[in-house]
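A short write-up of the structure that comes next.
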Amino acid sequence: MFIRSQMLLAASAVAASGALALTPVQAQDAVRVGLILPMTGGQASTGKQIDNAVKLYMQQNGDTVAGRKIEIILRDDAAVPDNTKRLAQELIVNDKVSFIAGFGVTPAALAAAPLATQAKVPEIVMAAGTSIITERSPYIVRTSFTLAQSSTIIGDWAARNGIKKVATLTSDYAPGNDALTFFKQNFTAGGGEIVEEVKVPLANPDFAPFLQRMKDSRPDAMFVFVPAGQGGNFMKQYAERGLDKTGIKVIGPGDVMDDDLLNGMGDAALGAVTAHHYSAAHPSAMNRDFVAAYKKAFGNRPGFMAVSGYDGIRLIYEALKKTGGNTDGDALVEAMKGMKWESPRGPIMIDPETRDIVQNIYIRKVEKVGGELYNVEFATFEAVKDAGKTRK
């Protein structure tokens, strides 16, 4: 009888533990955020900026929201989409995260999209910039940018500012294709001509042979898109091939002149004109405080990926405040729609229809300020939506 009683007690304990394992996360439990970033490989600077910015925001604002502790689980996908998909699945199934966030490149964001939809877990895109991303899942919300936002504006600016002939060099994947498409659309509509068009591999590109083609085509300017992290290598080879002495201007979206790497590019970068949503030189009190805090914490200036991560974790905090700590995916996404606030980059909003970011785009020129290189803003285009969606 004693043995039978012990067996029944053991069976009850197993059943209870099984029931616990299947019980949804309770209100008092930690809210887990799966942060999937390229911490190694060619896009490592993107991952490090976003990771740093998330840490900074949490240092400044605490790690508890609506009575619930926030726990960040960082995973390195090295910008390899197969890794992203596997890590997202592990985070959702095993770690029971309430959000997946980060995504250094477009293929990574797209790889996770079906999992976000299936699990009804918000996917906060803090880096990847292809227009279509938010259309791939109703649970995707973006705090970074789209290439269409900046490329249309630099296309218009070039056509209106004496640039007649342009050679283009873009990375051969979806964001590069977006950048090229939207630049061409606006530049040629303004009377400009594309005299050479080159696409370079995304992984470990050698720019030198392509740069020779650029030089030989004798354009007024080169339109360049390479992802964050590759701008330094591009400008090094640009200078080595002597293009900085030819009078051929560098123009493009701001990815190529990332603040994170700009000082290492040397004087060859001086005069480059780009359109982008953020510069470490953005003249607002909030940005000066952000840059100072980031420098103090990490020893270098923030780039545009850092501000996207800073705003991404803020979006998660504010959504949880609105839901009172409820982590239902539909409730969280609904809370994010239409949300607006003042960012270090300027005023931003989450478009309630597309879940994409609406933000100012600035035309900037690389200048030397206090012995350092900065993207100095000289024109502002307010509340720019993603042109990839507004034209549909």
Side-chain angles (χ1 to χ4, degrees), residues 36 46 50 99-114 116-117 120-155 173-179 181-183 185-186 225 227-228 253-255 275-278 304-305 307-316 318-319 322 329-330 332-362 380-392:
I36 306 174
T46 291
I50 292 174
F99 302 85
I100 50 175
F103 309 102
V105 294
T106 290
L110 296 179
T117 302
K120 298 185 176 182
V121 168
E123 175 179 339
I124 311 304
V125 175
M126 299 176 174
T130 305
S131 179
I132 60 168
I133 288 174
T134 56
E135 298 173 350
R136 294 301 174 90
S137 169
Y139 294 90
I140 293 178
V141 183
R142 177 158 36 198
T143 61
S144 50
F145 61 99
T146 76
L147 270 304
Q149 286 175 319
S150 49
S151 297
T152 51
I153 284 171
I154 196 66
Y173 75 130
N177 296 336
D178 264 13
T181 296
F182 288 102
F183 172 76
Q185 166 191 295
N186 285 47
F225 167 78
D255 310 67
H276 216 39
H277 61 278
Y278 177 70
F304 68 94
M305 289 299 183
V307 81
S308 299
Y310 194 76
D311 287 326
I313 190 66
R314 175 169 179 163
L315 179 69
I316 288 170
E318 295 301 323
K322 284 182 74 173
D330 291 305
L332 287 166
V333 171
E334 196 60 35
M336 293 176 189
K337 291 177 180 178
M339 200 175 281
K340 58 178 71 175
W341 66 91
E342 185 71 22
S343 159
R345 68 182 102 174
I348 61 174
M349 181 181 79
I350 302 301
D351 188 319
E353 295 179 2
T354 66
R355 290 161 283 104
D356 225 330
I357 191 160
V358 181
Q359 60 191 333
N360 291 352
I361 299 294
Y362 308 95
T380 301
F381 294 79
E382 295 183 348
V384 179
K385 292 189 175 186
D386 172 39
K389 298 184 182 70
T390 57
R391 71 176 186 174
K392 290 180 181 176

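Atoms considered below: every heavy atom in the structure, side chains included; atoms not considered: hydrogens, waters and symmetry mates.
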Counting distance only, does the side-chain N/O of [X] pair as donor-acceptor with the main-chain N or O of [Y] below 3.5 Å?
X	Y	value
Thr354	Asp356	yes
Asn360	Ala383	yes
Gln149	Val384	yes
Lys322	Ala335	yes
Arg355	Thr134	yes
Gln359	Ser144	yes

Do you know which two heavy atoms are closest between [X] and [Y], and how far apart they sit?
X	Y	value
Phe103	Ala112	CE2-CB, 3.6 Å
Gly329	Tyr139	C-CE2, 4.0 Å
Thr152	Ala387	CG2-CB, 3.9 Å
Phe182	Gly388	CZ-CA, 3.5 Å
Ala174	Thr106	CB-CG2, 4.1 Å
Ile154	Pro253	CG2-N, 4.5 Å

(request) Would you please say whether a donor-acceptor pair under 3.5 Å links the side chains of Ser131 and Asp386? (result)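 Indeed, the side chains of Ser131 and Asp386 share at least one donor-acceptor pair under 3.5 Å.
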(message) More than 12 heavy atoms of other residues, nucleotides or ligands under 6.0 Å from CD of Glu342: yes or no?
(response)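 Yes, because the 6.0 Å sphere around CD of Glu342 holds more than 12 heavy atoms from other groups.
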(request) List the steps, then state whether side-chain contact (heavy atoms from CB on, under 4.5 Å) holds for His276 with Tyr362. (result) CA-CA 5 Å; His276 216 39; Tyr362 308 95; over 6 Å; no
Rounded to the nearest 0.5 Å, what separates atom [atom1] in [X] from atom [atom2] in [Y]?
X	Y	atom1	atom2	value
Ile132	Thr146	CD1	OG1	12.0 Å
Thr143	Met336	OG1	CE	9.5 Å
Ile153	Ile361	CD1	CD1	5.5 Å
Tyr278	Phe145	OH	CZ	14.5 Å
Ser150	Asp255	OG	CG	6.5 Å
Arg142	Ile140	CZ	CD1	8.5 Å

(message) So, using salt bridge (charged side-chain N to carboxylate O under 4.0 Å, His left out) as the criterion, who are the partners of Arg345 when residues are at least two apart?
(response)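 With neighbours one apart ignored, the set is Asp311.
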Check whether any side-chain heavy atom of [X] lies under 4.5 Å from a side-chain heavy atom of [Y], and answer yes or no.
X	Y	value
Asp351	Lys337	no
Lys340	Ile348	no
Val141	Leu315	yes
Val307	Ser343	yes

(message) Tell me whether the rings of His277 and Phe304 are parallel (<30°), tilted (30 to 60°) or perpendicular (>60°).
(response)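 Aromatic pair His277/Phe304 classed perpendicular.
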(message) Determine whether Ile124 and Ile100 satisfy the following criterion, side-chain contact (heavy atoms from CB on, under 4.5 Å), listing intermediate values before the conclusion.
(response) CA-CA 6 Å; Ile124 311 304; Ile100 50 175; over 6 Å; no
